[in-house]
Student: 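Encoded as structure tokens, here's the structure I'll be asking about.
Owing to the predicted nature of the structure, the values given are computational and were not obtained by experimental measurement.
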There are 2 protein chains.
Amino acid sequence: MKKITLQDIASHLNISKSTISTVLNGHGDEKRVSKETQEKIIQFAKESNYKANHLARGLSLGKSDMIGLVIPNIGDNYYARIARRIERKARLSGYNVVFSSTGEKQERESELIQSMLSRGVDGLIIASSQKNEEDILKLKKNNFPFVLIERCYPELETNFVGEDNEGGVSLAVKQLIQLGRKRIGFVSLKPGLEAMRMRLEGYQNTMEQRGLVVRDEFIHELEYEYSEDEMYEVVKSMVQFPTSVEGIVFATHFLAASGIRALKQLNIRVPMDVALISFGQMNAFDLIEPPVTAVVQPVDELGDRAVEILLENLEGKNLNHRKIILSNSLKIRKSCGAI
Amino acid sequence: MKKITLQDIASHLNISKSTISTVLNGHGDEKRVSKETQEKIIQFAKESNYKANHLARGLSLGKSDMIGLVIPNIGDNYYARIARRIERKARLSGYNVVFSSTGEKQERESELIQSMLSRGVDGLIIASSQKNEEDILKLKKNNFPFVLIERCYPELETNFVGEDNEGGVSLAVKQLIQLGRKRIGFVSLKPGLEAMRMRLEGYQNTMEQRGLVVRDEFIHELEYEYSEDEMYEVVKSMVQFPTSVEGIVFATHFLAASGIRALKQLNIRVPMDVALISFGQMNAFDLIEPPVTAVVQPVDELGDRAVEILLENLEGKNLNHRKIILSNSLKIRKSCGAI
DNA sequence: TTGAAAGCGGTACCAC
DNA sequence: GTGGTACCGCTTTCAA
């Protein structure tokens with residue numbers, strides 16, 4: 001792919017590289033380049049379809065106009081949607097985005113951050129595995145622009161855009177309670193993720209506030225890579241006499257999907273026997289019988305805000321750390337017993 | 001983010017940049033650098049956590065170790081899953097991937113390709129809007145390494161990894177026929193996408209082969225940005241006497257989801273009144289009542305193969321164009337009337 | 001009003 | 001065995 005360079009234009013037009021660069025960067029007037037030359041240059045650049053070499057430009061300027069996005073898994077609908085917003089908004093400001101999936105592995109996350117840095121990204125947006133405080137701290141110490149999304153390090157003062165996990169679960173639990181359920185269970189992932197801890201707290205606090213007992217048997221935490229069989233056992237145990245639940249809140253959309261599968265296998269009627277609510281949406285939740293009530297996460301806004309903050313940082317303004325917690329809402333459908 | 005450079009190491013060690021570069025790139029032995037100096041260099045590089053500046057390296061080498069991924073929408077589960085595979089495989093070969101969503105707009109696709117090129121990506125993987133033959137042709141003429149996925153330009157000889165659209169639909173139609181349905185409809189998107197044309201052909205050919213009539217009323221093509229209302233009208237018209245269908249094949253997963261929504265609203269029983277099959281999967285298809293039979297697309301393999309071919313091209317081997325058509329399979333569930 | 005030159009951080013050729 | 005040096009393409013300062 002032969003590309004035309006500044007030098008090419010220079011030779012062709014018999015004007016120096018520097019002048020051409022100045023003009024093409026829009027500093028023509030301020031540097032008092034004559035109208036004529038300006039036009040000649042712009043004209044020719046357009047004709048020859050000149051596009052500056054970003055690598056060279058970046059090397060010289062010390063910036064790359066690239067934003068790195070480090071997330072657990074781009075294949076997950078949740079992150080994919082966030083990525084979409086991020087890319088869109090970044091593009092509008094002239095940035096491209098490089099992404100990488102960590103698979104929730106600390107080691108890979110660390111590598112990826114390093115790799116992105118050596119690649120010269122101007123800033124990072126990270127949904128951290130939360131087992132990588134070291135790298136994040138390093139970024140912070142070096143004053144490198146970055147914003148954490150969805151998962152934060154509570155001990156670290158950093159930019160952060162997240163959602164109200166506790167409040168979201170609380171919405172769900174309250175909804176179930178309001179519909180008359182008292183023995184409510186909670187299925188989540190083993191801690192390690194702050195978000196999961198907050199969701200658990202949301203569950204516990206709300207139950208307590210409403211004066212409902214939380215039995216040990218009500219709470220189940222699966223490994224991140226659980227099997228459908230494990231979910232089956234969990235759900236089975238939850239619906240068993242004498243501690244059987246009347247409602248379940250699932251801490252993520254995929255847990256909910258697995259849970260529903262298990263409930264079907266067990267021939268448990270939803271919501272008659274057990275009502276349920278999912279934290280997080282899934283595309284076809286409205287098509288499932290009964291349609292699934294879900295906590296709707298503010299994905300779009302999350303992506304948008306993350307980019308906004310990062311861009312502000314990149315432009316050097318508003319350098320103090322910002323923590324933004326977006327609120328969740330509840331999409332009520334039949335699975336919770338309503339309607 | 002202060003970074004240590006080759007020059008820093010050079011000064012510190014009193015060894016020239018060139019030697020250091022040689023060693024750090026693993027050409028130490030072949031260039032007969034003494035074991036001692038090699039060790040000294042490697043040692044120090046490790047201690048000081050030296051990471052080469054990719055921009056500089058890229059500028060010098062004329063390559064960036066970046067692959068550009070241009071797709072309609074990273075938020076769509078289908079592309080997100082492909083992206084995941086691509087990123088994973090690319091990373092294993094030392095490449096990072098920059099992505100951009102075109103929103104199916106020719107104009108933006110064109111811009112994005114340009115932008116990626118000026119960014120110095122080494123190769124491109126593109127799911128084109130198919131309204132952009134011009135840019136693709138330009139890439140081809142310039143011998144720039146790229147591979148088209150999912151959508152190809154039939155007139156152009158290029159690398160391509162796609163799926164057997166015709167065969168996939170054929171599987172679906174045959175399945176319905178086998179289960180006794182004769183009046184089978186097909187809901188698709190307005191052409192413009194080769195894949196859609198092929199799917200339509202698959203439908204028509206299979207019907208014809210089996211001696212079934214295809215009435216005009218059986219085929220409906222919606223705009224890419226259709227509304228749920230439009231889908232409702234389409235489905236409504238399809239189930240109306242006297243031309244009512246007994247089965248419907250939806251050309252994409254989201255069309256199927258909308259279609260199911262419409263069928264529910266119309267109180268049509270699936271599969272008793274109308275059986276249906278979706279081309280393409282959705283996460284919760286197995287949870288819908290009845291569970292949705294779907295053509296399973298070879299997403300993982302598609303991503304893998306695309307990267308493989310691109311890497312081969314980048315390494316300069318196997319330069320002739322390769323067209324790969326992956327086959328689809330059918331995941332049979334109740335919605336088609338089986339079981 | 002324009003241009004020469006240095007430098008961004010590497011790589012690689014060719015002398016020493 | 002090792003190092004000097006030119007160059008990748010662009011930006012920017014300073015001099016003309």
Student: Without swapping roles, check the side chain of B/Glu163 against the backbone of B/Ile325 for a donor-acceptor pair under 3.5 Å.
Tutor: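 Pair absent, no side-chain N/O of B/Glu163 close to backbone of B/Ile325.
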Student: Sub-3.5 Å donor-acceptor pair from the side chain of B/Lys131 to the main-chain atoms of B/Lys105, do we have one?
Tutor: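 A pair under 3.5 Å: no.
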Student: Can a side-chain donor-acceptor contact be found between A/Thr19 and A/Ser16 if the only test is distance below 3.5 angstrom?
Tutor: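 A/Ser16 vs A/Thr19: donor-acceptor pair found between side chains.
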Student: Please report the C-alpha distance between A/Lys323 and A/Glu157 in whole Å, then the side-chain angles of each, then the deciding distance to 0.1 Å, and finally whether the salt bridge (charged side-chain N to carboxylate O under 4.0 Å, His left out) criterion is met.
Tutor: CA-CA 9 Å; A/Lys323 282 220 185 309; A/Glu157 274 240 324; over 6 Å; no
Student: With distance as the sole test, does A/Asn159 use its side chain to make a donor-acceptor pair with the main-chain N or O of A/His321 at under 3.5 Å?
Tutor: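 Checked: no pair found.
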Student: What is the nucleic acid contact for B/Asn14, judged by heavy atoms within less than 4.0 Å: base, sugar-phosphate only, or nothing?
Tutor: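 Answer is sugar-phosphate: B/Asn14 comes under 4.0 Å of backbone atoms only.
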Student: Check the pair B/Arg91 / B/Glu87 against salt bridge (charged side-chain N to carboxylate O under 4.0 Å, His left out), numbers first and verdict last.
Tutor: CA-CA 6 Å; B/Arg91 174 160 35 79; B/Glu87 189 260 328; 3.0 Å; yes
Student: What are the 5'-most and 3'-most nucleotides of DNA chain C lying under 4.0 Å from any heavy atom of chain A?
Tutor: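 With heavy atoms of chain A under 4.0 Å away, the range is C/dT1 to C/dG9.
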Student: Looking at B/Thr5, is its backbone amide N or carbonyl O close enough to the side chain of B/Asp8 to form a donor-acceptor pair, meaning the two atoms are under 3.5 Å apart?
Tutor: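 Checked: pair present.
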Student: Five pairs per end, C1' atoms only: what is the angle between the end axes of the helix from C/dT1-D/dA16 to C/dC16-D/dG1, to 10 degrees?
Tutor: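 About 50° separates the two local helix axes.
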Student: Sub-3.5 Å donor-acceptor pair from the side chain of A/Gln130 to the main-chain atoms of A/Arg151, do we have one?
Tutor: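 No, A/Gln130 side chain to A/Arg151 backbone: no donor-acceptor pair under 3.5 Å.
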Student: Is it true that, when you exclude B/Glu225 itself, more than 12 heavy atoms of the residues, nucleotides or ligands shown sit nearer than 6.0 Å to its CD?
Tutor: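 Counting other residues, nucleotides and ligands, CD of B/Glu225 stays at 12 neighbours or fewer.
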Student: What's the separation between atom OG in B/Ser34 and atom CG in B/Asp29, rounded to the nearest 0.5 Å?
Tutor: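 Output value for this atom pair is 10.5 Å.
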Student: Summarise protein proximity over nucleotides 5-16 of chain D in one line of letters, 5' to 3': B for base, S for sugar-phosphate only, - for none, counting protein heavy atoms closer than 4.0 Å.
Tutor: ---BBBBBB---
